[in-house]
Amino acid sequence: MMNIKVLGSGCANCKRLEALVHKVVNDTGLYAEVEKVTDYAQMMRWNLMQTPGLVVNDSLVSSGRIPTESEIANWLKTSTQ
Amino acid sequence: MAHTLTKPSLRPTAGDRRIWLLVGGATLLWICAYNSIQFLANWMTYELFGISKGSHFGESVAFFIYDVPKILLLLSGMIFAISTLRSFFSPERTRKLLGGKHEGIGNVLASGLGVLTPFCSCSAVPLFIGFVESGIPLGVTFSFLIAAPMVNEVALAMLFGMFGWKIAALYLGAGLSIAVIAGIVIGRLRLEHHVEDFVWKIKGGGGAVADHTLTWAKRFTDSWRNTREIVGKVWLYVVIGIAVGAGIHGYVPEKALADILGKDSWWSVPAAVIIGVPLYSNAAGIIPVVQALMSKGAALGTVLAFMMSVVALSLPELIILRRVLKPRLIATFVMVVALGIIAIGYLFNLLI
């Protein structure tokens, strides 16, 4: 199963990203679990320097911005292949 | 990664050419709009509303109708330009540039990069950890953290719009100096043990987002998104700030504030900073008020010190930083920056 993590400690953009990820997962009908990581020490595993961060199957695909829906859908698609 | 296969960003693609045309057209429109504001504002106030020239009310209304569109246009234009410039920088790249730099040159570089690197105070903690963990000295990290919120794009755009480029440049120079000196002082105080212990234990893995080259189309669309977001967030503060400023302009008599906030009262600079630190506002709301105060006899140094203390030291950011800094280091940080701002305030009052 695909694993998606939203890294961020409750800032407004982190919540927006989380909602967007849920929406994309629902729309594309992918089988994925969405986790939230709020602990800074854990976030540093991906060397994150700006929140929110987005991790798909253990690799960081975006940080410091809210990607567009199509960008997220693309990342999810490429990691299922 | 797939990104590395894209063409180098500076060679225009077909999509780039289209976006350059679009941006060029928008710039022309912007210039036309900017140049017709004065005419339209006067026409609306005195012809459309029929308010008589020279009255207190008329002066306030004309000021408001002229300033709101002018400042909002300037703000949008400058934020777009600065966002595009900033798309060439990232915290990851800044960290790489600062790696291995020592005190002094490191502080200067960090302050400059603090202005150029896109930064949101909500990311202060991961950024702090990322810097410290990669071996950048504490003082250099602080130079970055002081410069980034103080010299931000909204502050610069508002100062430019309401005071002109000289004061905006003066502010930029003063902000950078404070960031450099405060960073060096904090570095010399050897406060590393006042950083929360867990920070020193973190060992970051690899896997940072690859530095992919952006196309111009992507830069411009990102900047446009960013501009809409920031202007959407601050426009109301701008309008309220200008309304308060317009009231002061029309009704408070000239030189009324000279005694309290003028050059000759020595205590006004520290008082302005002490009032400013706990106040939390953004540059957007504070600058129109500050401009109105100045036109009524407040001294430039006092007013800039007030503004800097409001923008550079904010309670929400201190609370966020508490996650990684022990109370004594936070207190030291606030003290050093506040003293720096007071010094700058006196200096400007003396020189100008």
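Here is how names work: the chains are called A, B, and so on, in the same order as the sequence lines, proteins then strands, and each is numbered from 1. Every value quoted in this text rests on a predicted model; they were computed, and no experiment measured them.
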Cation-pi check for Phe198(B) against Arg323(B): NZ or CZ below 6.0 Å from the six-membered ring centre and within 45 degrees of the axis, yes or no? no

Would Arg219(B) and Trp216(B) count as a cation-pi pair here, with the cationic atom under 6.0 angstrom from the ring centre and within 45° of the axis? yes

Establish, from distance only, whether the side-chain atoms of Ser9(A) and Thr38(A) form a donor-acceptor pair under 3.5 Å. no

Quick check on Asp222(B) against chain A: is it the side chain, the backbone, both or neither that has a heavy atom closer than 4.5 Å? side chain

Less than 4.5 Å to any heavy atom of chain A: does that hold for the side chain of Glu196(B), its backbone, both, or neither? neither

So which part of Leu54(A) gets closer than 4.5 Å to some heavy atom of chain B, the side chain, the backbone, both or neither? neither

Let me know if Asp58(A) has heavy atoms under 4.5 Å from chain B in its side chain, its backbone, both or neither. neither

Under the 3.5 angstrom rule, does the side chain of Thr84(B) hit a backbone N or O of Phe220(B) as a donor-acceptor pair? no

